[in-house]
**Q** 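Attaching a single structure in structure tokens format; questions to follow.
Sequence positions, counted from 1, serve as the residue numbers for this chain. Just so you know, these numbers use all the heavy atoms, side chains as well, and skip hydrogens, waters and symmetry mates.
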Amino acid sequence: VFCKASNVSFNDAKTLGFQAKDVGLAGNDIVFGVGPDHIGALHVKTGKSVHFEGELPIQRFCPVYINHGELLLFGGDYYSDECVAVKDVYKIKLEGDIFTNHKLMNMPYSTLNASIHPISNGFGDKLFICGGWSNKTNLTNCYLYVVYGQKWTKLEDMKYGHQWAGICEW
């Protein structure tokens with residue numbers, strides 16, 4: 001599963017393990033690839049990459065980079081033969097060449113394969129979270145999540161259910 005972080009600061013890029021010569025002072029775009037036991041981070045402009053090893057307790061989640069070497073994983077399901085959506089949100093800390101995780105909170109609804117779009121307004125990051133899959137159904141749920149304050153706001157449901165939908169802003 002992949003996610004992209006735009007305009008990562010110089011200090012955050014260094015926290016992730018990139019060398020000072022490989023990143024800019026601002027405007028660093030980084031793509032994260034998240035697997036069950038490894039995470040890779042690719043600096044889009046320079047092509048340099050760093051890698052982390054660890055273990056994730058869930059799969060089919062939706063990742064998003066927040067800052068300071070941290071990812072959040074929303075929803076998903078546990079590794080088993082049954083596909084049961086969960087409400088879990090995990091915080092992933094990237095340090096050195098390893099990553100650690102801990103459960104941060106629950107989402108308002110159980111889902112896997114949700115869609116998330118980060119919105120930065122300069123006062124605290126927000127995430128638009130919608131859809132996903134649960135109980136053999138594509139979901140129509142929509143929420144706004146304020147990262148700094150951990151507040152969920154219910155928005156109007158989508159007309160049609162979607163999972164892993166592309167979200168863009170204009």
**Q** Side-chain contact, heavy-atom cut-off 4.5 Å: Asn135 with Val84?
**A** no
**Q** For Met158, which fellow cluster members are found when Ile, Leu, Val, Met, Phe, Trp and Tyr are connected by side-chain heavy-atom distances below 4.5 angstrom, either directly or through intermediates?
**A** none
**Q** Go through Phe74 and Ile116 one step at a time and tell me if the side chain to side chain contact (heavy atoms under 4.5 Å, CB included) criterion holds.
**A** CA-CA 9 Å; Phe74 289 84; Ile116 298 180; 3.2 Å; yes
**Q** Would you call Tyr143 and Thr153 a side-chain contact if the rule is heavy atoms closer than 4.5 Å?
**A** no
**Q** Looking at OG of Ser49 and CZ of Phe32, how far apart are the two atoms once the value is rounded to the nearest 0.5 Å?
**A** 12.0 Å
**Q** Between Pro57 and Tyr78, which heavy-atom pair has the shortest distance, and what is it?
**A** O-CD2, 3.3 Å
**Q** Decide yes or no for Leu127 and Val64: does some side-chain heavy atom of the first lie under 4.5 Å from some side-chain heavy atom of the second?
**A** yes
**Q** Atom OG in Ser9, atom NZ in Lys14: separation rounded to 0.5 Å?
**A** 10.5 Å
**Q** Any non-hydrogen side-chain atom of Leu73 less than 4.5 Å from a side-chain atom of Val89?
**A** no
**Q** Quick one: sort the Trp152 and Tyr145 rings into parallel, tilted or perpendicular, breaks at 30° and 60°.
**A** tilted
**Q** May I ask you to establish whether Lys103 and Tyr90 are in a cation-pi arrangement, using a distance under 6.0 Å from NZ or CZ to the six-membered ring centre and at most 45° from the ring axis?
**A** no
**Q** Report yes or no: do Met105 and Met107 belong to one cluster of Ile/Leu/Val/Met/Phe/Trp/Tyr joined by side chain heavy-atom distances under 4.5 Å?
**A** yes
**Q** Starting from the C-alpha separation in whole Å, work towards a yes-or-no answer on side chain to side chain contact (heavy atoms under 4.5 Å, CB included) for Leu71 and Phe61.
**A** CA-CA 12 Å; Leu71 292 166; Phe61 48 79; over 6 Å; no
**Q** Carefully, step by step, assess Gln59 and Val1 under the rule side chain to side chain contact (heavy atoms under 4.5 Å, CB included).
**A** CA-CA 9 Å; Gln59 61 184 347; Val1 180; over 6 Å; no
**Q** Students often mix this up, so state it plainly: with edges at 30° and 60°, are the rings of Phe18 and His43 parallel, tilted or perpendicular?
**A** perpendicular
**Q** If you measure from NE2 on His117 to CD1 on Ile129, what distance do you get to the nearest 0.5 Å?
**A** 12.0 Å
**Q** What is the minimum heavy-atom distance between Tyr65 and Ala5, and which atoms define it?
**A** CD2-CB, 3.5 Å
**Q** Could you tell me the separation between the CD1 atom of Ile98 and the CZ atom of Phe52, rounded to the nearest 0.5 Å?
**A** 10.0 Å
**Q** Should side-chain heavy atoms under 4.5 Å link Ile, Leu, Val, Met, Phe, Trp and Tyr, which residues sit in the same cluster as Phe2?
**A** Val31, Val44
**Q** Name the residue from Val34, Leu72, Thr100, Leu56 that meets the side chain to side chain contact (heavy atoms under 4.5 Å, CB included) definition with Ile92.
**A** Leu56
**Q** Check whether any side-chain heavy atom of Val86 lies under 4.5 Å from a side-chain heavy atom of Ser110, and answer yes or no.
**A** no
**Q** Taking Ser134 for the side chain and Leu139 for the main chain, is one N or O donor matched with an acceptor at less than 3.5 Å?
**A** no
**Q** Does a sphere of radius 6.0 Å around NZ in Lys151 hold more than 12 heavy atoms from other residues, nucleotides or ligands, not counting ones at 6.0 Å or beyond?
**A** no
**Q** Between Asn28 and Lys45, is there a side-chain heavy-atom distance shorter than 4.5 Å?
**A** no
**Q** I'd like to check Ile119 versus Phe128 (side-chain heavy atoms, cut-off strictly below 4.5 Å). Are they in contact?
**A** yes
**Q** Passes side chain to side chain contact (heavy atoms under 4.5 Å, CB included), Ile30 versus Leu42? Steps please.
**A** CA-CA 5 Å; Ile30 297 174; Leu42 171 71; 5.8 Å; no
**Q** Does a donor on one side chain and an acceptor on the other come within less than 3.5 Å for Asn138 and Tyr160?
**A** no
**Q** May I ask you to test the Cys62-Leu112 pair for a side-chain heavy-atom distance under 4.5 Å?
**A** no
**Q** If we ignore hydrogens and angles and just use 3.5 Å, is the side chain of Asp29 paired with the main-chain N or O of Asn7 as donor and acceptor?
**A** yes
**Q** Just how far is it from atom CG of Leu16 to atom CG of Asn11, taken to the nearest 0.5 Å?
**A** 11.0 Å
**Q** Nearest 0.5 Å, please: how far is CD in Gln163 from SG in Cys130?
**A** 11.5 Å
**Q** Step through the shown structure and confirm whether more than 12 heavy atoms of other residues, nucleotides or ligands are within 6.0 Å of CD on Gln150.
**A** yes
**Q** Going by salt bridge (charged side-chain N to carboxylate O under 4.0 Å, His left out), name the pairs with one or both residues in residues 47-70, residues two or more places apart or in two chains.
**A** Arg60-Asp77, Glu70-Lys91, Glu70-Lys93
